[in-house]
Participant: 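Quick one: this structure, given as structure tokens, is what I'll be asking you about.
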Amino acid sequence: MPMPLASAAEARRLAAVRRYAALDTASGAAFDRVAALAARIFHAPFATVTIVGDDTVRVIAEHGPPPRRAILKRLCAAAVRHSGPYVVDDVLLDPRAAGDPAVRGEPGIRFYAAAAITTADGEALGSVNVMDTRPRQAGEEELACLRDLAALVMDELEVRLTTHRTVEVERELRAGAERLARTLQRTLLPPALPRVPGLCAAAAYHPVSADEVGGDFYDLFTLDGDRWAFFLGDVCGKGADAAALTSLVRYTLRAAAVYDADPHAVLANLDAVLQQEHAGGETPVPYCTAVFGVLQPDGDGFGVTLATGGHPPALAVRADGTVEPIHPAGGQLIGILRDPQFAQVSARLNAGDALLLYTDGLTEARTPTGSMLDEDGLTAHLAAAGPTSADSLLTTVHDLITALGTGVSDDTAVLALSVPPATRTPFSGSLGAA
């Protein structure tokens, strides 16, 4: 059965009310000024700006002591369904409102005039209303002004709708960018670290921005025999260019290690690739910092050979809680200098020792005093935590980054390696008879 014409028209009007979220519109100074101007133009004690729902009239602005809402519901409902300004010269003679206590008693409403707040496609959302305590007629100039005020309300609602839609679009775009960034970032980092016999390994990435791809990277992988390689570093820049460079660096480090796992040779190979990649180009030469290491099982621990190129020192947290920087002398940026020098050093991880590698987003973070955390501050923080494991190191760093809060202004990648403490087996033997 087709919907009656009146019902269809009301359904369209209510759809417009919902489209503009008009019943949820917050009051504001713009609407308050409209109500005050309407009262001033008509020299009337009461004026309101209302939105009319299905069975609800919401007052979003009012001037003067508000009359009872019942009279507004009846008269405003009539106003939004009336073509042109709606005027009741004497409310006492209008059957819809004559019996209302606000008419028969205080404040004694006798005059009502309204102009509909109408959308561009002709749907009335509500009205600007003026009420007086004496019966009267409305002049053409007054009604023209009332229509203009209703149009101003509509303009404000349009602005609010446009702003809301813009915010929603920006929110959707940001959410999409964040999803893309997270997906792309995951492709630049190993999904999980492999299990290394006799070693615990853990890694984490702490982004500053959810919608921007950073250039921090790390990896741990097997070499020939029982040796393992690991690296951690940071490429210049952010975004798509940094992502492309990070992918190139990670691939090159892995490939170079297969060809020659000597850490110094690996970094030299990476430098040659970056130099060749942009030889003669007009764009700025890409560069990165990195630390590359090789692990060799050795008794109850591991021998470690590290080479660095412009990267902060690795920190060894010993079984007795002391913290020792593992930092070869020298070691320059990779990919930007004509004849860079890379440095290499050997160390050992004994039972109960741990090794922490990190990017400079951590040490360049600002403390509450405004100074940089730097390597000394990180060393002191780790020393205070005492002996640790790879997982505990990550927790310690996570808690530190959280505590620094807005002082952290750059992404941080962390890779931790630890050798489990030696287990003591109880002495077993026999007591002979005397």
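Scope of the values below: all heavy atoms of this structure, side chains included, with no hydrogens, waters or symmetry mates.
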Participant: Which residues pass the side-chain hydrogen bond (donor to acceptor under 3.5 Å, both in side chains) test with Thr289, sequence neighbours left out?
Facilitator: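 Only His311 meet the side-chain hydrogen bond (donor to acceptor under 3.5 Å, both in side chains) criterion with Thr289.
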Participant: Working to the nearest 0.5 Å, report the span between CG of Leu349 and CG of Leu199.
Facilitator: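 Taking CG in Leu349 and CG in Leu199, the distance rounds to 7.5 Å.
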Participant: Knowing that exactly one of Leu267, Asp339, Leu337, Asp271 qualifies, which makes a side chain to side chain contact (heavy atoms under 4.5 Å, CB included) with Gln332?
Facilitator: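 Answer after filtering Leu267, Asp339, Leu337, Asp271: Leu337.
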Participant: Walk me through it: do Leu157 and Met154 pass the test side-chain contact (heavy atoms from CB on, under 4.5 Å)?
Facilitator: CA-CA 5 Å; Leu157 292 175; Met154 190 66 242; 4.0 Å; yes
Participant: Compute whether any side-chain donor of one residue and acceptor of the other, for Asp391 and Ser389, lie under 3.5 angstrom apart.
Facilitator: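 On atom types as modelled, these side chains do not qualify, holding no pair under 3.5 Å.
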Participant: Any side-chain to backbone donor/acceptor pair from Ser418 onto Asp353? Under 3.5 Å, distance only.
Facilitator: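 A pair under 3.5 Å: no.
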Participant: If we only count heavy atoms from C-beta on, is the Leu393 to Val317 side-chain gap below 4.5 Å?
Facilitator: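 Yes; the side chains approach each other to less than 4.5 Å.
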Participant: When you measure from the side chain of Tyr358 to the backbone N and O of Pro313, does any donor-acceptor pair fall under 3.5 Å?
Facilitator: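 Yes, because the side chain of Tyr358 sits within donor-acceptor range (under 3.5 Å) of the backbone of Pro313.
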Participant: Can a side-chain donor-acceptor contact be found between Tyr259 and Asn269 if the only test is distance below 3.5 angstrom?
Facilitator: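 The answer is no; no qualifying pair exists.
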Participant: Going by distance alone, is a donor N or O of one side chain under 3.5 Å from an acceptor N or O of the other, for Thr48 and Thr50?
Facilitator: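 No.
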Participant: Side-chain contact test, heavy atoms from C-beta onward, threshold under 4.5 Å: evaluate it for Val57 versus Ile51 and give yes or no.
Facilitator: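 In short, these two side chains do not touch, never coming nearer than 4.5 Å.
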Participant: Is the closest side-chain heavy-atom distance between Leu355 and Phe230 below 4.5 Å?
Facilitator: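 Leu355 vs Phe230: side chains touch.
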Participant: Please give me the minimum heavy-atom distance between Leu333 and Phe342, naming the atom from each residue.
Facilitator: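 The pair with the smallest heavy-atom distance is O-CE2, 4.1 Å.
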Participant: Within the 3.5 Å criterion, strictly below it, is a donor on Tyr205 or Asp216 matched to an acceptor on the partner's side chain?
Facilitator: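 Side-chain D/A pair, Tyr205 to Asp216: absent.
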Participant: For the side chain of Asp262 and the backbone of Ala265, is there at least one donor-acceptor N/O pair under 3.5 Å apart?
Facilitator: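 Checking the backbone N and O of Ala265 against the side chain of Asp262, a donor-acceptor pair under 3.5 Å is found.
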Participant: NE2/His398 to OG1/Thr402 distance, rounded to the nearest 0.5 angstrom?
Facilitator: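 Answer rounded to 0.5 Å: 3.5 Å.
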Participant: May I ask you to decide if Thr363's main-chain N or O and Asp360's side chain share a donor-acceptor pair within less than 3.5 Å?
Facilitator: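 No.
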Participant: Would Phe46 and Val130 count as a side-chain contact (heavy atoms from CB on, under 4.5 Å) here? Give the steps.
Facilitator: CA-CA 6 Å; Phe46 309 116; Val130 177; over 6 Å; no
Participant: Return yes if some donor-acceptor pair links the side-chain N/O of Arg13 with the main-chain N/O of Val52 below 3.5 Å, else return no.
Facilitator: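 Yes, because the side chain of Arg13 sits within donor-acceptor range (under 3.5 Å) of the backbone of Val52.
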Participant: One thing to verify: whether Glu123 and Arg19 come together as a salt bridge, which I'm taking to mean a side-chain N less than 4.0 angstrom from a carboxylate O.
Facilitator: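 Salt bridge flag = no for Glu123 with Arg19.
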Participant: From Asp219 CG over to Leu232 CG, what is the distance, rounded to the nearest 0.5 angstrom?
Facilitator: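 It comes to 10.0 Å.
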Participant: Can you measure from CE (Met372) to OG1 (Thr367) and round to the nearest 0.5 angstrom?
Facilitator: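 The distance works out to 10.0 Å.
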Participant: Kindly give the heavy-atom pair with the smallest separation between Gln344 and His264, and that separation in Å.
Facilitator: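 That closest heavy-atom pairing would be OE1-N, 2.7 Å.
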Participant: Counting only N and O atoms by type, is there a donor-acceptor contact under 3.5 Å from the side chain of Asp411 to the main-chain atoms of Val208?
Facilitator: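 Yes.
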Participant: Side chains of Arg81 and Glu10: closer than 4.5 Å at any heavy-atom pair?
Facilitator: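 Yes, at least one pair of side-chain atoms sits under 4.5 Å.
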Participant: Are the side chains of Ser409 and Glu364 in touch, meaning some heavy atoms are under 4.5 Å apart?
Facilitator: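 Sidechains of Glu364 and Ser409: no contact.
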Participant: Measure the shortest side-chain to side-chain distance between His327 and Val345 over non-hydrogen atoms and say whether it is less than 4.5 angstrom.
Facilitator: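 When only atoms from C-beta onward are counted, Val345 and His327 do not touch, as no gap falls below 4.5 Å.
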Participant: Determine, step by step, whether Glu62 and Val59 satisfy the side-chain contact (heavy atoms from CB on, under 4.5 Å) criterion, reporting the C-alpha distance in whole Å, the side-chain angles of both residues, the deciding distance to 0.1 Å, and the verdict.
Facilitator: CA-CA 7 Å; Glu62 57 191 5; Val59 178; 3.7 Å; yes
Participant: Mind running side-chain contact (heavy atoms from CB on, under 4.5 Å) on Val266 and Leu270 for me, showing each step along the way?
Facilitator: CA-CA 6 Å; Val266 169; Leu270 173 60; 5.7 Å; no
Participant: Under a 3.5 Å distance rule, please check whether Thr322 uses its side chain to pair with a backbone N or O of Arg318 as donor and acceptor.
Facilitator: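 No, the answer is negative, given that no donor and acceptor are paired below the 3.5 Å cut-off.
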Participant: Would you call Asn129 and Cys76 a side-chain contact if the rule is heavy atoms closer than 4.5 Å?
Facilitator: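 A side-chain contact exists here, since the closest heavy-atom pair is under 4.5 Å.
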Participant: Any side-chain to backbone donor/acceptor pair from Thr359 onto Ala413? Under 3.5 Å, distance only.
Facilitator: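 Flag set: sc Thr359 to bb Ala413 pair under 3.5 Å.
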Participant: Show the nearest heavy-atom pair for residues Ala124 and Val17, with the distance to one decimal.
Facilitator: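 That would be O-CG2, 4.5 Å.
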Participant: Report yes or no: is the cationic atom of Arg254 (NZ for Lys, CZ for Arg) under 6.0 Å from the centre of the six-membered ring of Phe221, at an angle within 45° of the ring normal?
Facilitator: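 Yes, a cation-pi geometry holds between Arg254 and Phe221.
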Participant: Distance-only criterion, 3.5 Å: show the donor-acceptor pairs between side-chain atoms of residues 297-305 and protein atoms not counting sequence neighbours.
Facilitator:
unit_1	atom_1	unit_2	atom_2	d
Asp298	OD2	Arg348	NH1	2.7
Asp300	OD1	Arg348	NH2	3.2

Participant: Could you check if a side-chain atom of Pro263 sits within less than 4.5 angstrom of a side-chain atom of Phe231, using non-hydrogen atoms only?
Facilitator: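 Side chain of Pro263 against side chain of Phe231, heavy atoms only: no contact under 4.5 Å found.
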Participant: Within this structure, what is the CG-CG distance for the pair Asp234 and Asp410, rounded to the nearest 0.5 Å?
Facilitator: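 One finds 6.0 Å between CG of Asp234 and CG of Asp410.
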Participant: Between Leu356 and Val414, what is the shortest heavy-atom contact and its length?
Facilitator: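 Scanning both residues completely, I find the closest heavy atoms to be CD1-CG1, 3.2 Å.
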Participant: Which atom names give the shortest non-hydrogen contact between Tyr112 and Ser127, and what distance separates them?
Facilitator: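 Closest approach of Tyr112 to Ser127: OH-OG, 4.1 Å.
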Participant: State whether a side-chain donor-acceptor pair under 3.5 Å links Thr395 with Ser392.
Facilitator: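 There is no such pair between these side chains.
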Participant: Would you indicate whether Tyr287, at its atom OH, is surrounded by more than 12 heavy atoms from other residues, nucleotides or ligands within a distance under 6.0 Å?
Facilitator: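 Counting other residues, nucleotides and ligands, OH of Tyr287 stays at 12 neighbours or fewer.
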Participant: Mark yes or no for whether Arg58, through its side chain, and Thr25, through its backbone, hold a donor-acceptor pair below 3.5 Å.
Facilitator: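 Indeed, once roles are kept as given, a pair shorter than 3.5 Å links the two residues.
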Participant: Are Asp24 and Arg18 ion-paired here, with the side-chain N under 4.0 Å from a carboxylate O?
Facilitator: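 No, this pair does not count.
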Participant: State the CD-CG distance between Glu324 and Leu382, to the nearest 0.5 angstrom.
Facilitator: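 Reported value, rounded in 0.5 Å steps: 13.0 Å.
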Participant: Could you tell me which non-hydrogen atom of Val323 sits nearest to which non-hydrogen atom of Ala383, and how far apart they are?
Facilitator: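 Between these two residues, the closest heavy atoms are CG2-N, 3.6 Å.
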